[in-house]
Amino acid sequence: MKKELLYLLPLLPAAVAGQGRYNIVYIMTDDHTAQMMSCYDKRYVETPNLDRIAADGVKFVNSYVANSLSGPSRACMLTGKHSHKNGFTNNEHGIFDGTQQTMPKLLQKAGYQTAIIGKWHLVSLPTGFDYWNIVPGQGDYYNPNFITMDNDTVVERGYLTNIITDKSIDWMENQRDKSKPFILFIHHKACHRNWLPEMKYLTLYEDKTFPLPETFYDDYEGRIAAQQQQMSIARDIDRTDDVKIYRPGMESPLGPTHLGMLSRMDKADLMRYCYVYDSISNDFLSRHLEGKALAEFKYQRYMRDYAKVLKSLDDNVGRVLDYLEKKGMLDSTLVVYTSDQGFYMGEHGWFDKRFMYEESLSTPLVMRLPKGLEARGDIEEMVQNIDYAPTFLELAGVKPPKDMQGRSLVPLLEGKHPRDWRKSVYYHYYEYPAEHMVKRHYGVRTDRYKLIHFYNDIDAWELYDLKNDPHELHNLYGQPGMEKVTKQMRRELRKLQEEYDDPIRNQYPLD
Ligand SMILES: [Ca+2]
């Protein structure tokens, strides 16, 4: 008996994997950041189900996006290319060209079933999917609309995060062809603005006071672009739509977004919602807060509502894991969890993303690994969302096309550490002038330094030593003693711009 087992064991991974034909469940949230995920950061909330993914696999601790914004990030992920190559540089004017090569199309060709459920946000309708069911634009939390493959808009009853999960499990259980491997993209709206909670979590975290991040009162000295942004919690967060303060009983002080979202609720739910948020508003209005007290009140509101929305998300990720476990699919399925980018939870005084600073350049990335992929724990190599497409293709036994700019993460998932792994990542953000007024910029990050050039209607360079200044408060560009590092970083930036063929290098040539 013992002898037989020993004989069988080495064959198991290959048999289960079926020559690399893993299923892939890719869960992507919106604006969820590593600070709000307990396997990355224990200061604020517990996310036991997200942590389960990392506990049975890997956690990337140097995981970055190429362009910190919803649509562009999704386009980078689907194509394995930077924004200037996939054509979707910003949300304001972007329409994704669905005729181009994408990872789902290549997986389809390789015999995979492909499906996407939830937020799409690329304007044109999905291509390369055997099944899709998406929310229009940003989607709504309550009783949301969905667009079907017939291009009909249908209202679904309930809370969006639950519905996306219901539909995803239903597709896996009842709708797919079970003789084929599949990739399922579960794309949540959570934790996107305006952070409207599920009914059962209306009062969760209301007794919790979140600690202020160290840089909440940053004065942006030496950083011109940061001085000109409009994403401050103290000044720019919307008092009604985001913070949900209004004069109870009156309709007119409600902001248009907030009012529109609440108008979708069932009457009984709306009454329960108002019962909670009326009392918060009344309390606020009676206190006449100003200055720092007002800023910190807004911060607590923001953190609490964000955390409530995240709680439903964590529950629903748990439901997907439980389903895969119950069906015995975990050994043959790669489960990926990531966000379309990171987010500021009060660091530098901000909400939102866009900047190449650490909180929004980074994105959480954990993977639960199937049999045959042996890596465990933290992976330190620098990875980027353009790497996902080549990774999934390699796992499906497809050679990633040469024009894909990302690199397959499969060696890292096998526990290897290739010596020629990238030593830097390239970033380029385009959406200006636009909401939050973050200037256009591009830059390079190595393990220790970061160089950023803000361009278009300004010309400002920033250089950070992340080892000695992890919060990026001290711009060292042009400082005495930094000449050698600056030269090296400019050279690295030029190398990446050439490698990725970004035409911006013709406009701002680097020596
Ligand atoms: Ca986003």
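Atoms within a ligand are numbered from 1 in the order they appear, just like the ligands themselves.
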task = Have a look around the Ca ion (ligand 1) and list protein N/O/S atoms under 3.0 Å, or say none.
result = Asp30 OD1, Asp31 OD1, Asp340 OD1, Asp340 OD2, Gln341 OE1
Exercise: identify the closest heavy-atom pair between Ser63 and Pro364 = OG-C, 4.4 Å
task = Could you list the residues that satisfy side-chain hydrogen bond (donor to acceptor under 3.5 Å, both in side chains) with Tyr323, not counting sequence neighbours?
result = Glu173
request  = Please identify each residue that fulfils side-chain hydrogen bond (donor to acceptor under 3.5 Å, both in side chains) with Tyr64, with sequence neighbours left out.
outcome  = Asn62, Arg445
Distance (rounded to the nearest 0.5 Å) between Phe96 CZ and Thr127 OG1 = 6.5 Å
remark   = ring-ring contact (aromatic ring centres under 6.0 Å, His included) filter on Tyr299, not counting sequence neighbours, yields Phe216
request  = Report yes or no: is the cationic atom of Lys189 (NZ for Lys, CZ for Arg) closer than 6.0 Å to the six-membered ring centre of Tyr141, at no more than 45° off its axis?
outcome  = yes
